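One structure below.
All figures in this text were calculated on a predicted structure; none of them were measured in a lab.
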Amino acid sequence: MQVPPMFRPASTAREAAVLILFGEGPEGPDVLLTERAATLSNHAGQPAFPGGRIDPEDDGPVSAALREAWEEAGVEPSGVDVLCSLPELYLSRSEYRITPVAGWWREPSEVAPGHPGEVAAVARVPIGELVDPANRMMVRHPSGIRLGPAFDVRGMLVWGFTAALLTQVLDAGGWNRPWDTERVEDLPPEVLSLASRG
């Protein structure tokens with residue numbers, strides 16, 4: 001995967017990791033997403049991959065990604081086969097260098113929001129829904145600035161860093177289908193209000 005210039009990490013940024021967890025669900029191949037609690041100060045209410053900062057006791061990005069998926073969604077680490085770590089990406093709004101870790105859910109566990117103050121919802125989203133052209137669009141700020149691709153799935157608007165990374169992963173996996181990149185919609189006011197916190 002190529003890292004776009006805007007996502008190339010700054011060496012001074014804090015380290016974090018996310019888990020891109022694929023599995024075989026009741027509706028076919030899927031990926032796990034969480035929705036961050038609306039009460040958080042950063043990225044409030046946004047759909048995301050489970051993840052967070054790499055703590056001193058973690059044995060690197062893989063360990064951190066698996067720990068966070070357990071804490072946030074109840075994913076049993078023993079049921080996950082780690083496939084690879086992807087290149088670090090820089091999230092400028094929160095000053096993190098994020099290592100995406102791809103995994104296969106060999107033995108799925110029951111999932112649910114871990115800490116209610118951090119996670120509002122957990123969803124296994126079928127790949128078929130993500131690549132359905134009817135569920136895809138570009139989003140923009142009301143000022144007219146295009147913010148990138150988005151997915152409207154399972155009652156969630158997936159946008160920003162997560163949507164950009166998901167788009168790259170779907171491309172790399174050969175799953176993407178042609179969709180109308182000229183379909184541009186404004187971010188809803190409630191999403192903008194949450195995003196303005198940081």
Exercise. So, are E27 and R154 salt-bridged, with charged N and O less than 4.0 Å apart?
Worked result: yes

For this session: Give a yes or no on whether V184 and I145 share a hydrophobic cluster (residues Ile, Leu, Val, Met, Phe, Trp, Tyr; joining criterion: side-chain heavy atoms under 4.5 Å apart).
Result: no

Considering all heavy atoms, the nearest [X]-[Y] contact:
X	Y	result
R183	P133	NH1-O, 4.1 Å
A112	V122	C-CG2, 3.7 Å
S85	V101	OG-CG2, 3.9 Å
L21	W104	CD1-C, 4.0 Å
G117	A37	O-CB, 3.5 Å
V131	W175	CG1-O, 3.5 Å

Exercise. When you look at D152 and N135, which way does the side-chain hydrogen bond (donor to acceptor under 3.5 Å, both in side chains) test go after all the steps?
Worked result: CA-CA 5 Å; D152 186 3; N135 296 333; over 6 Å; no

Exercise. Got more than 12 heavy atoms from elsewhere within 6.0 Å of CD, E57?
Worked result: yes

Problem set entry | Geometric cation-pi criterion, R14 with Y96: 6.0 Å, 45° | yes

Rounded to the nearest 0.5 Å, what's the gap from [atom1] on [X] to [atom2] on [Y]? Could you check?
X	Y	atom1	atom2	answer
I54	E68	CD1	CD	10.0 Å
L83	I20	CG	CD1	10.0 Å
E15	I98	CD	CD1	11.5 Å
R36	E72	CZ	CD	7.5 Å
M138	W179	CE	CH2	5.5 Å
S109	W70	OG	CH2	7.5 Å

Is any side-chain heavy atom of [Y] closer than 4.5 Å to one of [X]?
X	Y	answer
V139	D186	no
E95	Y90	yes
L170	T167	no
P50	L32	yes
P108	R124	yes
W159	Q46	yes
M156	L33	yes
P47	T162	no

Test item: [X] side-chain N/O and [Y] main-chain N/O as donor-acceptor pair under 3.5 Å:
X	Y	value
R136	D180	no
R106	G23	no
T34	A48	yes
D132	A134	yes
T99	E88	no

Exercise. Checking side-chain contact (heavy atoms from CB on, under 4.5 Å) for the pair F49/V31: CA distance, chi angles, key distance, verdict?
Worked result: CA-CA 9 Å; F49 297 111; V31 66; 4.1 Å; yes

For this session: For side-chain contact (heavy atoms from CB on, under 4.5 Å), just list the numbers for V75 and L66, CA-CA rounded to whole Å, side-chain angles, deciding distance to a tenth of an Å, and then say yes or no.
Result: CA-CA 8 Å; V75 174; L66 292 173; 6.0 Å; no

For this session: List the steps and the verdict of side-chain contact (heavy atoms from CB on, under 4.5 Å) for D30 and F22.
Result: CA-CA 6 Å; D30 58 23; F22 297 101; over 6 Å; no

Seminar exercise, completed: Residue set satisfying side chain to side chain contact (heavy atoms under 4.5 Å, CB included) with E190, at least two apart, ordered chain then number -> P188

Exercise. By salt bridge (charged side-chain N to carboxylate O under 4.0 Å, His left out), which residues pair with D55, not counting sequence neighbours?
Worked result: R53, R67

Problem set entry | F151 and M137: CA distance, side-chain angles, deciding distance, side-chain contact (heavy atoms from CB on, under 4.5 Å) verdict | CA-CA 7 Å; F151 302 81; M137 70 201 77; over 6 Å; no

